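The structure appears below as structure tokens.
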Amino acid sequence: MRRERVPIVVVVPAAIGAAFFILPLVGLVVRSPWRDAVTALTAPETIEALKLSLVASLSATGIGLILGVPLAWVYARVEFPGRDLLRALTTLPMVLPPVVGGIALLLAFGRRGLFGSWLDTTFGITLPFTTAGVVMAETFVAMPFLILTVEAGLRSMDRRYEEAARALGASRWRVFTRVTLPLIGPSLFAGAVLCWARALGEFGATITFAGNFPGVTQTMPLAVYLLLETNQEASFILSLVLLLISLLFLVVLRHRWLGSA
Amino acid sequence: MSLEASIRLALGPLDLDMELTIDEGEVVALLGPNGAGKTTLLRAMAGLVPFNSGHVRLDGKVLEDTATGQYVPTERRPIGFVFQDYLLFPHLSVLDNVAFGLRSRGTSRGAAAQKAVEWLGRVGLEDYARAKPAELSGGQRQRVALARALAPDPRLLLLDEPLAALDVSTRAEVRRDLKRHLASFQGIRLVVTHDPLEAVALADRLIVMENGRLVQTGTPAEVTEHPRSQYVADLVGVNLIRGEADHGTVRIPGGTAVAAAGAESGEVFAMIHPRAIAIYRRRPEGSPRNVWSGRASNIELLGNRVRVRIDGEVPLVAEVTPAALKELDLVEGGEVWVSFKATDVGVYPA
């Protein structure tokens, strides 16, 4: 079969662009001290950080699903004044520098913050510099990805299926759980994975709002960054672990989502 | 036991104002061109489209009444709705699709599955219970949609263009099956269609609507024998003229008088079958009282007949044989004379 020649003006920048992504990964894989991998991976700090990262990012995704799906539904299905403004505000963390997000959280929920002082004096609840604070920071930064993806799914689905379900006697709740959610399944899944990936990599907002206490608020990205100062080899190995986790999920995504797109 | 609806609503370009009553025991087809508001009317009766004023009553019970503010939500109306492209839930098996309405209305899982299997048997699809809708042919999907709508035992069955999504080769067979299922359903049946053949084949009574208004209702024979709108006349394939009867003539707007035996007085329709119209190249001399000249604007071969549209004082369609057309040596744009007898004009009050 005759193949169309790809123009050189496209090939060269495209190749440079690809290399730009591949070379750092090669560097990470090649220069990692594989001999010390086992020691670094089984070190208690590593396991703690990994555990905390997984727990916090999965919690953030869970909260994202519980709060974000209804919010996406409201954006997609309810017309109300100020909807676009509200959507813009809840999307802001996607473009906001995470450190700024962390400071904003601190000013709102810190012990002397706008609501934080009230939470502290009324309920004795302190959020900053706790594991709950990590989850909050990650949710703040990651949930918008889920909201936007699910809203897009809700908007593009054929709403007549919901009408068909109603005509068959299904209550609003049954329509939502048995028809709407399954039909937007791919968007829901994609949104959850994006949210989770963003939460897993969260650094700026977390370190600002929750600090860096090993075992309590020190997640993997924080551990990697701080080990860079004290134990470079270990930080390389941890980076590699994060790379593998991300790669694994990208592969899953390809099959479940990107592959079918 | 009957359905009684009076609905007025404005939706985009559509201005709908319809009143209809359907009794149990008759199958009614709502016939009209695209954009007439048929589907909107159906959806309004199902509670899926709000209307400006009016009411819907089923078996004497109010489903919706704007005067009193009563509104029974769609999911609590005893209706079965077959949507135009069926809208089978793609993520559910055929069995779960059919059981969906029963489960929604509180039937237990086991009982719903059992009844769904029964219904699949009735439509001849018991072997497809585990299949997904995407694996079915168009005709099979139609049958699943029908089974799904009928399984919860509705009082009112609404079908929106039930055969439009099918290709021509399967349509006749599916239409036969549909007619059989409609006949065995004990409730009120309303079929929306834009296809006159479908309407005549399925229904005992036609309701013709155009631009959101009822233009004619009656048995298929009544409607086709006495069309009351250009739309129906075109569907039936006859010439329809509306005018003022004056003892033997029908005067149409513009002043032309059509000689019509049986014309008395008042507003009337005059119907002339295309077969009754003769075409000549020169002005004919003879007994027919109606003779006009015109221009052949469109010539169309339909099986063993040729339909010639003639623009003139009175636009008409004539039907001749291909041989006659050849002998006339007629091409589009050619000058012709047409004639028909006053006794070939059917006259009935408008």
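Just so we're on the same page: letters track the sequence lines, and every chain starts at 1. Just so it is clear, the structure is predicted and the values come from calculations on it, not from any experiment.
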Shortest non-hydrogen contact from [X] toward [Y]:
X	Y	result
B:Ser104	A:Arg174	OG-NE, 2.7 Å
A:Tyr161	B:Leu88	CE2-O, 3.2 Å
B:Pro73	A:Arg166	CB-NH2, 4.4 Å
B:Phe81	A:Ala167	CB-CB, 3.9 Å

Open item on the list: Please classify the contact of B:Arg43 with chain A as side chain, backbone, both or neither, using a heavy-atom distance under 4.5 Å.
Closed with: side chain
- [ ] Could you walk me through whether A:Asp158 and B:Leu87 pass side chain to side chain contact (heavy atoms under 4.5 Å, CB included), step by step?
- [x] CA-CA 9 Å; A:Asp158 190 342; B:Leu87 300 177; 4.2 Å; yes
Taking atom [atom1] of [X] as the centre, does the number of heavy atoms from other residues, nucleotides or ligands within less than 6.0 Å exceed 12?
X	atom1	value
A:Phe20	CZ	no
B:Tyr128	OH	no
B:Lys61	NZ	no
A:Arg83	CZ	yes
B:Arg180	CZ	yes
B:Glu26	CD	yes
B:Arg76	CZ	no

Task: Minimum side-chain heavy-atom gap A:Leu183-B:Pro90 below 4.5 Å - done: yes
- [ ] Could you give me the CA-CA distance, side-chain angles and deciding distance for A:Arg178 and B:Phe100, then say whether side chain to side chain contact (heavy atoms under 4.5 Å, CB included) is met?
- [x] CA-CA 9 Å; A:Arg178 294 304 159 88; B:Phe100 191 92; 3.9 Å; yes
- [ ] Say whether, by atom type as modelled, one donor and one acceptor occur between the side chain of B:Arg105 and the main chain of A:Leu168 under 3.5 angstrom.
- [x]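 Here the side-chain-to-backbone pair exists.
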